[in-house]
Amino acid sequence: MHYPEPISKLIDSFMKLPGIGPKTAGRLAFFVLSMKEDTVLDFAKALVDAKRNLRFCSVCGHITDIDPCHICQDKQRDGTTICVVQDPKDVIALEKMRDYNGLYHVLHGAISPMDGIGPEDINVPSLLTRLQDEEVVELILATNPTIEGEATAMYISRLVRPSGIRTTRIAHGLPVGGDLEYADEVTLSKALEGRREL
Ligand SMILES: [Zn+2]
């Protein structure tokens, strides 16, 4: 079907989002046309602001609007424990559970030799710097239960072991091959509680 250019541009923009095909994109585009202009402007501004004002925390790598992030700045949190995750979304999932009071370190990926991703390509060097500078007692390796996630946990554990810092791995019970962010809060809480020494 031939649409006026502004509409086809809007449809193309929606199609850049994950899980949105041409049909949904078309529906969303026409919905936008029916919205009040103020609402559309607010929506557009929210998109741009989120992109412009959010950055990664220079300490932990979590997504934030202030640097260091709220979690790193929170003096009530236990700075002796760092939970290592692959993605900012994992921090959000773990925070929802409210059981964990330590800090985080977001790797932004996992080691995957097949894809040419080594430890230097993810936030491993910054983790090692933190372990030198901060009084860390335990490192909880909460990378995803996938081959890459397991390999990354093993790699970090081996690297850290000589320093005497305790490294633990979150328990199974998480779906193998699944992402941490999709686990429900009870499963996540149990996985954290049942973590074992590496
Ligand atoms: Zn932070």
Side-chain angles (χ1 to χ4, degrees), residues 18 45-112 117-146 148-161 163-171 174 178-185 187-193 195 198:
K45 191 174 174 310
L47 281 176
V48 175
D49 282 355
K51 184 65 193 170
R52 283 205 187 133
N53 299 334
L54 290 179
R55 67 204 75 202
F56 296 125
C57 172
S58 60
V59 180
C60 72
H62 187 40
I63 199 155
T64 181
D65 55 343
I66 52 164
D67 192 22
C69 72
H70 292 282
I71 297 173
C72 286
Q73 282 195 35
D74 187 349
K75 297 275 177 289
Q76 305 288 90
R77 299 190 77 115
D78 172 16
T80 66
T81 307
I82 293 180
C83 181
V84 179
V85 295
Q86 286 181 213
D87 195 274
K89 281 182 281 201
D90 302 332
V91 175
I92 292 161
L94 285 158
E95 281 298 286
K96 253 195 246 158
M97 166 187 99
R98 293 164 192 272
D99 279 356
Y100 178 68
N101 194 39
L103 302 178
Y104 293 96
H105 196 81
V106 184
L107 294 174
H108 291 278
I111 297 169
S112 176
I117 301 169
E120 305 286 323
D121 301 312
I122 57 173
N123 273 346
V124 170
S126 59
L127 174 64
L128 300 180
T129 311
R130 277 184 86 181
L131 295 180
Q132 271 168 9
D133 298 346
E134 299 172 28
E135 301 284 318
V136 180
V137 175
E138 183 182 353
L139 203 58
I140 302 170
L141 299 163
T143 47
N144 292 340
T146 55
E148 292 82 11
E150 294 293 346
T152 307
M154 288 311 291
Y155 176 85
I156 294 173
S157 163
R158 260 184 234 134
L159 210 61
V160 169
R161 194 169 298 150
S163 69
I165 295 168
R166 190 176 162 219
T167 55
T168 53
R169 178 85 175 111
I170 51 166
L174 284 175
D179 278 358
L180 216 61
E181 58 167 304
Y182 298 124
D184 65 83
E185 285 150 46
T187 310
L188 215 50
S189 181
K190 285 220 169 92
L192 197 64
E193 207 179 296
R195 64 189 185 268
L198 270 180

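Whatever order the structure lists ligands and atoms in, that order sets their numbers, starting from 1. Only heavy atoms go into these numbers, but all of them, side chains included; no hydrogens, no water, no symmetry mates. The structure presented is a predicted model; accordingly, all values stated were derived computationally and were not measured.
Exactly one of His105, Arg130, Gln86 qualifies for a side chain to side chain contact (heavy atoms under 4.5 Å, CB included) with Asn123. That residue is His105.
The closest donor-acceptor contact from the side chain of Asp78 to the backbone of Thr80 lies under 3.5 Å. Within the 3.5 Å criterion, the main-chain N or O of Ala50 finds no donor-acceptor partner in the side chain of Asn53. Not one N or O on the side chain of Thr64 forms a donor-acceptor pair closer than 3.5 Å with the backbone of Asp67.
Heavy-atom minimum distance, Leu192 versus Met97: CD2-CE, 3.3 Å.
Listed by chain and residue number, the protein N/O/S atoms under 2.8 Å of the Zn ion (ligand 1) are Cys57 SG, Cys60 SG, Cys69 SG, Cys72 SG, with waters left out.
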Go through it in stages, so that I can follow the logic: the residues are Arg169 and Thr143, the test is side chain to side chain donor-acceptor pair (under 3.5 Å), and I'd like the CA-CA distance, side-chain angles, deciding distance and then a yes or no. CA-CA 8 Å; Arg169 178 85 175 111; Thr143 47; 3.2 Å; yes
